[in-house]
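Numbering of residues begins at 1 and proceeds along the displayed sequence. Fair warning: this is a prediction, and the values are worked out from it, not measured in the lab.
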Amino acid sequence: MKNLILAASLLIGVSAYSQAKLDATKLNYLPADASPMDATYYPLQVLSSKSETPKVKVVYSRPQKKNRVVFGNLVKYGEIWRMGANENTEIKFYTPVKINGKDIPAGTYSLFAVPNEKEWTIVLNSDVDRWGAYAYDKSKDVVRFNVPAEKTTAPVEFFSITFVQTKTGADLYAGWDNTQVKFPIEFK
């Protein structure tokens, strides 16, 4: 009983401290996130070039492996995952694209996955500005398709997303630990 009372008191104290720290009427510099937010564009050189215009932008948080087994352990097989940490990963298409044979209008979408050992289901969902996959709503899926899971040539410490140019657009690659997936994006 003493332990229960002590735990409750600590929880109330931490909660009160957190609320005071985030007073909207005061200046609040928050500590750095353990999984920093990042963005990647296609074309990759869009930020360093005055002549390039973006076609795709992905905003995501980058958790670390930290000597953990990621897939099948930290990220459970068969469960919806936000493809990163913290807020949903969001992908913005500046023009209409085609993914897995489906026309996708220009706009911003949440990017989820259902990882499995040999194959992942990739999900584009119209619900954005959410935290994690807790409020994931399957009825808002725009497209769902399966891709093979591949082994990386070396472990990837931070979850990472990048693009590789193809004849019809670009392949989006996502890799972490010793696993990566890719899917083609066709530009119209």
If hydrophobic clusters are built by linking Ile, Leu, Val, Met, Phe, Trp and Tyr wherever their side-chain heavy atoms come under 4.5 Å apart, do I91 and L47 end up in the same one? no

Roughly how far, to the nearest 0.5 Å, is OG1 of T153 from CD of Q180? 7.0 Å

Modelled atom types, side-chain donor and acceptor of D23 and T25, under 3.5 Å: yes

Examine V97 and V46 and state if one hydrophobic cluster contains both, with Ile, Leu, Val, Met, Phe, Trp and Tyr joined whenever side-chain heavy atoms are less than 4.5 Å apart. no

Using side-chain heavy atoms (C-beta onward) and a distance below 4.5 Å, is E186 in contact with T166? no

Spatial distance of atom OH (Y136) from atom OG (S110) [nearest 0.5 Å]: 10.0 Å

V59 with Y41, same ILVMFWY side-chain cluster at under 4.5 Å: no

Just so I know, are the side chains of F187 and T168 near enough to count as touching, which here means a heavy-atom distance under 4.5 Å? no

Heavy-atom distance under 4.5 Å between the side chains of D141 and K138, does that happen here? yes

Out of curiosity, R82 CZ to Y60 OH, how far, rounded to the nearest 0.5 Å? 15.0 Å

Quick one: which of N88, N125, V142, T89 gives a side-chain contact (heavy atoms from CB on, under 4.5 Å) with Y109? V142

L44/T162 under side chain to side chain contact (heavy atoms under 4.5 Å, CB included): CA gap, chis, key distance, verdict: CA-CA 8 Å; L44 294 175; T162 194; 3.7 Å; yes

After noting the C-alpha distance and the side-chain angles of Y94 and T53, does the key distance pass the side chain to side chain contact (heavy atoms under 4.5 Å, CB included) rule? CA-CA 9 Å; Y94 290 83; T53 57; over 6 Å; no

Side chain to side chain contact (heavy atoms under 4.5 Å, CB included) assessment of F183 paired with W120: CA-CA 11 Å; F183 66 87; W120 287 21; over 6 Å; no

Within a strict 4.5 Å, meaning less than it, do heavy atoms of the K76 and W81 side chains meet? no

Quick check: does any side chain N or O of W176 sit under 3.5 Å from a backbone N or O of E157, one acting as donor and the other as acceptor? yes

Check whether V181 and L124 end up in the same hydrophobic cluster, where Ile, Leu, Val, Met, Phe, Trp and Tyr are linked by side-chain heavy atoms less than 4.5 Å apart. yes

Would you kindly say whether T152 and N178 are connected by a side-chain donor-acceptor distance under 3.5 Å? no

Do F93 and I99 have side chains that get closer than 4.5 Å, going by heavy atoms? yes

Using modelled atom types and a 3.5 Å cut-off, is there a donor and acceptor pairing between side-chain atoms of N116 and backbone atoms of G78? yes

State the CG-NZ distance between D177 and K66, to the nearest 0.5 angstrom. 14.0 Å

Mark yes or no for whether K65, through its side chain, and R68, through its backbone, hold a donor-acceptor pair below 3.5 Å. yes

Do you see a donor-acceptor pair shorter than 3.5 Å between the side chains of S139 and D137? yes

Please answer: with hydrophobic residues joined when any side-chain heavy atoms are less than 4.5 Å apart, are F112 and V114 in the same cluster? yes

CZ (F158) and CD (Q64) are apart, to the nearest 0.5 Å, by 3.5 Å

Less than 4.5 Å apart, side chain to side chain, heavy atoms only: is that true for V143 and I122? no

The reported gap from CD in E90 to CZ in R130 (rounded to nearest 0.5 angstrom) is 10.0 Å

